[in-house]
Amino acid sequence: MTLIGVLGGSGTVGRVVVERLAGWGTGPLRIGGRDRDRAARACEAAPGVPAEPFRVDLDDAAALREFCAGCDVVVNCAGPSYRVLDRVARVALAGGAHYVDAAGDLVAIDALAGGGAAGLDHRAAVFSAGLMPGLSGLLPRLLAADGPLARLDVYVGGAAAIGPLSAVDALLTRGPRFGTALAAWRDGGIVPAALKPLRSVSLPGFRDRVHAWPFLSAEMSRLAAELGVAELRNYTVYVTEAIPEALARAWADDGAALDAHVPAVVAAAGADLAATGPYYAMLFQAVPRDPAPGRPRRLLLRTPDSYALSGVVAALTARELRAGTIPPGAHAASEVLSASRTLAALRDDPLVTGVELS
Ligand SMILES: NC(=O)c1ccc[n+]([C@@H]2O[C@H](COP(=O)([O-])OP(=O)(O)OC[C@H]3O[C@@H](n4cnc5c(N)ncnc54)[C@H](OP(=O)(O)O)[C@@H]3O)[C@@H](O)[C@H]2O)c1
């Protein structure tokens, strides 16, 4: 039987990883975190499979080695991801396990691959196995399956509670390695200051009027380059302007450490939730270069809980690793998962409340 370790399995994302893996009967689980009692409660949410709680702080190298020992796959849902980078991946690979990270980005992949990690020649490490990054870079591939796109517009967002740990990640998602605000992708390159925020607009799948902020993420630039999309516009969608305002205040404040702004980001997400209730939508709109009849032009996916859905994606990635469909090396999930198989699995998942491909 293969053992899967879920580090951070008692958290918002990690709990769903545990629930799905247990539900699919993938085998025994080891659930790690600093608080063993919390991990033990997460084990109770995994009926039908042996699940072992494990006290581990990822800052403690010896404890992390012990946690990873004997695992076939380690799924990391502990963060903040942009401070953890490749630390857990290195220990998992050195111990002989494959690795999945619900977050991480190009910076983490480069840190791992660039440093020549032991084990990468015969094991895989898959980062960005969540909703965004993750599904955001994977699902639009379905619209390009029958030929290249002249244009792709991406809108991802809604209202979700943000915990303090994820708020740190939101505050750290900044700088050219993560993406460029207000930029678009055009004819093979990044065009700075190409777009303006769309304030108070109606978008299919989103409730009432929303605010869409252009942010050309590293994931989207790679997608556009790989698929040869002539123009790509990527927007993060907010139900109020509270979160972009909280982030802008933090980034303008040179005097304080970013962590001082965590409560403001958490509160801003709370204000969004109060405004509309929890919901999230991913809308992809494509213009094919060759507009043959019958080609899909729009994909819309809805979920009440973006964090929980990230857990589903991380669990699906672990399942693919176990099935041997992902080659060795360091990857982004959107570049190694099958878009059609993932969408088929999501259609059956209770956390997906709607999929329209038309
Ligand atoms: N790609 C995406 O779309 C996406 C979406 C949502 C979240 N994420 C990412 O997923 C990660 C988890 O987010 P979350 O909201 O689930 O966080 P969370 O609810 O705070 O859960 C964090 C989990 O990690 C454990 N943990 C925290 N620090 C640890 C440490 N030093 N050593 C060991 N375990 C530790 C916590 O347990 P203890 O407190 O007991 O240690 C808990 O189980 C974040 O990095 C976030 O950015 C990605």
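Atoms within each ligand, like the ligands themselves, are counted from 1 in listed order.
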* To do: Look at atom 3 (O) of ligand 1 and say which protein heavy atom is nearest, naming residue and atom and giving the distance to 0.1 Å.
  => Met132 N, 2.8 Å
* Asked: How many angstroms lie between atom CE of Met282 and atom CE of Met132, to the nearest 0.5 angstrom?
  -> 7.5 Å
* Asked: Among protein heavy atoms, which sits nearest to atom 26 (N) of ligand 1, and what does the distance come to when rounded to 0.1 Å?
  -> Ala78 CB, 3.7 Å
* Structure fact -> Ranking Tyr280, Phe67, Tyr307, Tyr82 by closest non-hydrogen atom to atom 6 (C) of ligand 1, top hit is Tyr307
* Should you measure from each heavy atom of Leu131, which atoms of ligand 1 turn up under 4.0 Å away? -> 1 (N), 2 (C), 3 (O)
* Structure fact -> Looking only at protein heavy atoms, what sits closest to atom 20 (O) of ligand 1 is Leu165 CB, 3.6 Å
* To do: Check if Cys77 has a non-hydrogen atom at a distance under 4.0 Å from any atom of ligand 1.
  => yes
* Structure fact -> Within 4.0 Å of some non-hydrogen atom of Ala102, the atoms of ligand 1 are 1 (N), 2 (C), 48 (C)
* Is there a donor-acceptor pair under 3.5 Å between the side chain of Ser128 and the backbone N or O of Gly104? -> yes
* Among Gly11, Ser166, Gly8, which residue places a heavy atom closest to atom 14 (P) of ligand 1? -> Ser166
* What's the spacing between Arg297 CZ and Arg151 CZ if we round to 0.5 Å? -> 12.5 Å
* Starting from atom 9 (C) of ligand 1, locate the nearest protein heavy atom and write down its residue, its atom name and how far away it is, to 0.1 Å. => Ala103 CB, 3.6 Å
* Between Val73 and Thr2, is a side-chain contact (heavy atoms from CB on, under 4.5 Å) present by the stated rule, with each step listed? -> CA-CA 8 Å; Val73 181; Thr2 55; over 6 Å; no
* Asked: In Å and rounded to the nearest 0.5 Å, what is the CG to CH2 distance from Leu152 to Trp185?
  -> 13.0 Å
* **Distance filter under 4.0 Å to Ser81 heavy atoms, resulting ligand 1 atoms** => 45 (O)
* **Arg319 atom CZ: more than 12 heavy-atom contacts under 6.0 Å** => yes
* Asked: For ligand 1, which atoms sit closer than 4.0 Å to a heavy atom of Arg38?
  -> 36 (C), 37 (O), 38 (P), 39 (O), 40 (O), 42 (C)
* **Under 3.5 Å side-chain donor-acceptor pair for Asp105 and Tyr82** => yes
* To do: Would you mind running through ligand 1 and noting each atom that sits below 4.0 Å from a heavy atom of Ser10?
  => 37 (O), 42 (C), 43 (O)
* Inter-residue atom distance Asp153.CG - Leu232.CG, 0.5 Å rounding -> 7.5 Å
* **Contact (N/O only, under 3.5 Å) between Thr12 and ligand 1** => yes
* **Protein heavy-atom partner closest to atom 40 (O) of ligand 1 - residue, atom, separation in Å** => Asp35 N, 2.9 Å
* Structure fact -> the protein heavy atom lying closest to atom 16 (O) of ligand 1 turns out to be Val13 N, 2.8 Å
* Structure fact -> The answer for which part of Arg34 has a heavy atom under 4.0 Å from ligand 1 is both
* Asked: So which heavy atom in the protein is nearest atom 31 (N) of ligand 1, and how far is it from that ligand atom?
  -> Asp57 OD1, 3.1 Å
* **Positive for side chain to side chain contact (heavy atoms under 4.5 Å, CB included) with Glu356, one of Leu299, Leu301, Leu300** => Leu300
* Which residues pass the salt bridge (Lys or Arg N to Asp or Glu O under 4.0 Å) test with Arg322, sequence neighbours left out? -> none
* Tyr279 and Phe206 aromatic ring geometry - parallel, tilted or perpendicular at 30°/60° bounds -> perpendicular
* Structure fact -> One finds that the ligand 1 atoms under 4.0 Å from a non-hydrogen atom of Leu58 are 30 (C), 31 (N), 32 (N), 33 (C)
* Structure fact -> The option among Ser310, Gly130, Ser128 carrying the non-hydrogen atom nearest to atom 4 (C) of ligand 1 is Ser310
* To do: Please round to the nearest 0.5 Å and tell me the distance separating atom CG of Leu142 and atom CG of Leu357.
  => 6.5 Å
Donor-acceptor pairs under 3.5 angstrom involving side-chain atoms of residues 258-267: please list them, not counting sequence neighbours.
residue: Asp259; atom: OD1; partner: Arg83; partner atom: NH2; Å: 2.9
residue: Asp259; atom: OD2; partner: Arg83; partner atom: NH1; Å: 3.3
residue: His261; atom: NE2; partner: Asp253; partner atom: OD2; Å: 2.9

* Is Pro133 near ligand 1, meaning one of its heavy atoms is under 4.0 Å from it? -> yes
* Residue portion contacting ligand 1 (non-hydrogen atoms closer than 4.0 Å) for Asp169 -> side chain
* In ligand 1, which numbered atoms sit nearer than 4.0 Å to a non-hydrogen atom of Val56? -> 32 (N), 33 (C)
